[in-house]
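Okay, so here's the structure we're looking at.
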Amino acid sequence: MEPSQKRQDDELLQLVTFSIGEEEFGVNILKVQEINRTMEITKVPRAPEFVEGVINLRGKVIPIIDLRRRFGLVSKPEDKDTRIIVIEINNIIVGFVVDAVSEVLRIPASTVEPPPPVVAGVESDYISGVGKLKDRLLIMLDLDKILSTEDMDMLSAL
């Protein structure tokens with residue numbers, strides 16, 4: 001094995017992990033701006049079904065997307081574990097509603113495999129890989145692909 005290949009295999013990915021239903025997902029920590037408890041969300045007329053509405057976060061209006069609905073799952077009433085993960089995608093700040101945030105995790109890049117065509121009912125377009133941990137699988141989301149160009153245009157207009 002060449003030294004550069006070994007170094008790449010040993011690279012650690014730093015992820016924020018969260019759950020939606022029974023599945024555990026991970027996103028690159030560098031994409032995450034903050035994690036908040038849920039707050040009052042203002043509904044937006046004629047928004048796509050997966051857009052929960054908007055929030056005012058320190059003077060900025062941020063669109064909120066329910067990842068359950070984005071993935072075609074049934075909505076769930078918010079509870080004490082529900083969180084909003086605030087991220088930036090293509091210069092637009094967006095909040096994603098998740099069932100619970102688990103932990104910040106470091107995993108070796110070598111434990112991540114390419115995604116199968118469908119994982120846990122989530123289209124593989126959104127998935128950058130599947131991380132194999134000791135006792136569980138972690139679905140790695142590609143945040144830049146969760147929203148289409150049309151979705152991003154619509155969100156920037158909110």
May I ask you to test the [X]-[Y] pair for a side-chain heavy-atom distance under 4.5 Å?
X: Val86; Y: Ile35; answer: no
X: Thr17; Y: Val101; answer: no
X: Ile64; Y: Val51; answer: no
X: Ile146; Y: Leu141; answer: yes
X: Lys76; Y: Asp99; answer: yes
X: Leu138; Y: Val130; answer: no
X: Glu52; Y: Lys43; answer: yes

Apply side-chain contact (heavy atoms from CB on, under 4.5 Å) to residues Ile20 and Phe71 and explain how you reach the verdict.
CA-CA 10 Å; Ile20 297 175; Phe71 294 158; 3.9 Å; yes
Is it the case that atom [atom1] in [X] sees more than 12 heavy atoms from other parts of the structure closer than 6.0 Å?
X: Glu103; atom1: CD; answer: yes
X: Arg106; atom1: CZ; answer: no
X: Lys145; atom1: NZ; answer: no

List the steps, then state whether side-chain contact (heavy atoms from CB on, under 4.5 Å) holds for Ile107 with Leu133.
CA-CA 8 Å; Ile107 66 169; Leu133 307 174; 3.3 Å; yes
Quick check against the 3.5 Å criterion: does [X] have a side-chain atom that pairs as donor or acceptor with the backbone of [Y]?
X: Arg68; Y: Val74; answer: yes
X: Thr38; Y: Arg83; answer: no
X: Asp79; Y: Thr82; answer: yes

What is the distance from atom [atom1] of [X] to atom [atom2] of [Y], rounded to the nearest 0.5 Å?
X: Ile87; Y: Ile65; atom1: CD1; atom2: CD1; result: 8.0 Å
X: Met39; Y: Glu78; atom1: CE; atom2: CD; result: 10.5 Å
X: Glu34; Y: Ile93; atom1: CD; atom2: CD1; result: 8.5 Å
X: Leu13; Y: Leu105; atom1: CG; atom2: CG; result: 10.0 Å
X: Ser102; Y: Leu15; atom1: OG; atom2: CG; result: 11.5 Å
X: Ile85; Y: Phe18; atom1: CD1; atom2: CZ; result: 4.5 Å

Do Ile29 and Val112 land in one hydrophobic cluster if side-chain heavy atoms of ILVMFWY residues count as linked below 4.5 Å?
no
Group every Ile, Leu, Val, Met, Phe, Trp and Tyr by side-chain heavy-atom contacts under 4.5 Å, then state whether Val27 and Ile92 land in the same group.
yes
With sequence neighbours left out, what residues match Phe96 under ring pair (Phe, Tyr, Trp, His ring centres under 6.0 Å)?
none
Given the rule in the side-chain contact (heavy atoms from CB on, under 4.5 Å) test, do Ile139 and Glu24 qualify, once you have shown the distances and angles that lead to the verdict?
CA-CA 6 Å; Ile139 302 166; Glu24 193 172 14; over 6 Å; no
Could you tell me which residues satisfy side chain to side chain contact (heavy atoms under 4.5 Å, CB included) with [X], sequence neighbours excluded, listed by chain and number?
X: Asn28; answer: Leu30, Lys31
X: Thr42; answer: Val54
X: Asn56; answer: none

Where do Asn36 and Leu57 land on the side-chain contact (heavy atoms from CB on, under 4.5 Å) test, with the steps shown first?
CA-CA 10 Å; Asn36 295 309; Leu57 186 63; 3.8 Å; yes
By side chain to side chain donor-acceptor pair (under 3.5 Å) - contacts of Glu49 (at least two apart)
none
Under the rule for side chain to side chain donor-acceptor pair (under 3.5 Å), what residues qualify as partners of Asn91, not counting sequence neighbours?
none
Which atom of Pro115 lies closest to which atom of Ser128, heavy atoms considered:
CD-O, 3.8 Å
Pro108 and Thr111: which non-hydrogen atoms are nearest, and at how many Å?
O-OG1, 2.7 Å
Would you say Ser75 and Arg69 are linked by a side-chain donor-acceptor pair, where the criterion is simply a distance under 3.5 Å?
yes
